[in-house]
2 protein chains.
Amino acid sequence: MAEVTSIPDRLFEDLKTAIFEGRLSVGSKLSEPELARDYEVSRGALREAIGRLEACRLVTRKTNVGARVVSLSHEKLIEIFHVREALEGMAARLAAEAITEEEIRELERLLDKHANDIEDNHDYFQKEGDVDFHYTIVKASHNGFLFDLLCNDLYQLVRLYRYQFGMRSKRAVRAYHEHCNIVDAIKRRDAEMAEHMMRAHIRASRENVERQMAESTAA
Amino acid sequence: MAEVTSIPDRLFEDLKTAIFEGRLSVGSKLSEPELARDYEVSRGALREAIGRLEACRLVTRKTNVGARVVSLSHEKLIEIFHVREALEGMAARLAAEAITEEEIRELERLLDKHANDIEDNHDYFQKEGDVDFHYTIVKASHNGFLFDLLCNDLYQLVRLYRYQFGMRSKRAVRAYHEHCNIVDAIKRRDAEMAEHMMRAHIRASRENVERQMAESTAA
DNA sequence: TTAAATAATATTGTCGACAATCTGGGGTAT
DNA sequence: ATACCCCAGATTGTCGACAATATTATTTAA
């Protein structure tokens with residue numbers, strides 16, 4: 001039952017963290033000879049790892065030209081929010097129908113943590129507790145396909161975007177209350193309300209970003 | 001502006017059609033030496049093509065063991081329908097807001113074709129006209145990310161499933177009316193109603209499949 | 001001086017060969 | 001007879017080298 005891991009597996013993870021930590025900055029080129037030297041692997045293994053990065057949309061590739069770390073335009077970001085609204089709304093709906101008692105306790109634990117972070121004036125979003133919350137609900141939907149789509153693709157793009165734009169939301173308190181509403185509906189097994197609340201939550205987050213974008217554009 | 005195409009590009013397409021046409025049957029193993037001989041390419045190029053098939057979920061891969069064409073369990077199929085309901089509902093909503101006059105004409109053209117196929121007693125689904133209809137709406141949402149997700153990943157799985165289970169729906173007439181309702185809402189720019197109708201349409205399709213599954217299980 | 005053409009360089013695409021790992025069959029011991 | 005172990009064959013993983021293409025620098029002509 002041991003996890004078999006190949007060189008491209010390891011490279012894939014290493015390159016992802018390199019991207020998130022900014023060592024491979026947004027928009028920069030992934031030079032195959034250079035990276036092969038740095039990570040001490042052959043170009044073949046490297047190319048497969050880059051292929052996987054492309055599959056989850058963290059890099060874009062052009063034939064005979066090379067791969068670059070994606071740079072999220074504001075436009076693309078809004079597109080992603082619309083997809084998130086649809087998918088996570090469905091996740092909340094399914095979670096209300098399929099969640100287990102233990103998963104409910106996990107959600108409550110995360111809510112407590114969120115409340116404490118606000119109390120202590122920590123930056124909730126910076127610590128990625130927000131991702132944990134959404135991750136848990138998607139998992140509780142017990143829909144493997146939905147989970148794969150959101151957690152292996154979308155959330156990583158969201159994460160990259162937070163680093164890229166240095167997102168620091170003043171929405172921590174309001175987001176907390178929205179989270180409470182969502183968990184409440186799920187606990188009551190009210191699928192319709194759970195989806196509605198989740199969509200409202202993500203819509204609010206999108207509108208917040210749109211406001212920030214409008215400000216930074218109007219110089 | 002010429003389309004540059006590499007060997008893995010071509011292989012990717014060839015293998016996809018081979019899967020859809022059943023020459024690579026569901027659940028069968030993709031032998032690298034064998035396929036490399038048949039298609040007269042090196043194993044390296046082949047491996048990249050297989051990697052892309054894995055990315056759009058048409059094959060699954062295990063380290064040191066190999067790749068197999070996915071076999072869609074009934075469970076997985078239902079999961080996909082839930083994701084489709086969420087994503088296409090959003091697509092219809094966005095399309096109602098962003099569709100152009102020309103795209104509206106295209107939708108009406110497809111509706112006419114659908115009506116004629118029913119008249120002439122053709123099998124609408126078999127000819128993939130249904131895919132064209134949904135494809136056009138997703139495109140009209142003018143959300144590139146959504147388009148990519150649905151048309152490059154999900155629709156191919158749906159297509160594979162139709163071949164695998166030999167889907168021949170008796171829903172052609174009812175589906176036609178549902179399609180009309182959707183187009184109607186979009187033309188009136190009623191986003192809320194467009195989403196509602198699209199979700200109802202896909203939900204009905206899912207429930208139809210669930211019924212068929214229940215029948216075939218109860219031997 | 002600028003712009004186009006061209007040559008030099010570097011990068012990506014492709015391939016065949018070797019190493020590591022899995023699969024299946026045969027043999028042995030209980 | 002069955003279960004376990006071990007070995008042979010085949011398959012996948014990995015690598016370095018060569019070919020094709022793009023990029024950059026240089027030269028030349030207007």
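All chains are named by letter (A, B, ...) in the order of the sequence lines, taking the proteins before the strands, and each is independently numbered beginning at 1. Below, each value reflects all heavy atoms present in this structure, side chains not excepted, and no hydrogens, waters or symmetry copies.
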**Request:** Compare the minimum distances between each of D/dC15, C/dG16, D/dG13 and the side chain of B/T63, then state the nucleotide with the smallest one.
**Result:**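 Within the option list, the nearest is D/dG13.
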**Request:** Say whether B/E103 and B/H142, considering side chains only, have a donor N or O and an acceptor N or O under 3.5 Å apart.
**Result:**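 B/H142 and B/E103 do have a side-chain donor-acceptor pair below 3.5 Å.
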Rounded distance in Å - [atom1] ([X]) to [atom2] ([N]):
X     : N      : atom1 : atom2 : answer
B/E34 : D/dT12 : CD    : C1'   : 15 Å
A/D9  : C/dT21 : CG    : P     : 14 Å
A/E54 : C/dT12 : CD    : P     : 14 Å
A/L46 : C/dG13 : CG    : P     : 11 Å
A/K62 : C/dT12 : NZ    : P     : 13 Å
A/R68 : C/dT12 : CZ    : P     : 10 Å
B/I50 : D/dT12 : CD1   : P     : 8 Å
A/R47 : C/dT11 : CZ    : C1'   : 10 Å

**Prompt:** Does the side chain of A/R43 get closer than 4.0 angstrom to OP1 or OP2 of D/dG16 through an N or O atom?
**Reply:** no
Minimum heavy-atom separation for [X] and [Y], please, with both atom names.
X      : Y     : value
B/I186 : B/A92 : CG1-O, 4.2 Å
B/R43  : B/A36 : CG-CB, 4.0 Å
B/D153 : B/A55 : OD2-O, 4.5 Å

**Request:** Treat primed atoms plus P, OP1 and OP2 as sugar-phosphate and everything else as base, then score nucleotides 6-11 of chain D 5' to 3': B for base contact with protein heavy atoms under 4.0 Å, S for sugar-phosphate contact only, - for none.
**Result:** -----S
**Asked** On the ring face of A/F145, is B/R57 found with NZ or CZ under 6.0 Å from the centre and within 45° of the axis?
**Response**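 Yes, B/R57 and A/F145 form such a contact.
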**Message:** Quick check on salt bridge (charged side-chain N to carboxylate O under 4.0 Å, His left out): which of B/E178, B/E85, B/E88 does B/R199 satisfy it with?
**Reply:**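 Only one option passes, and that is B/E85.
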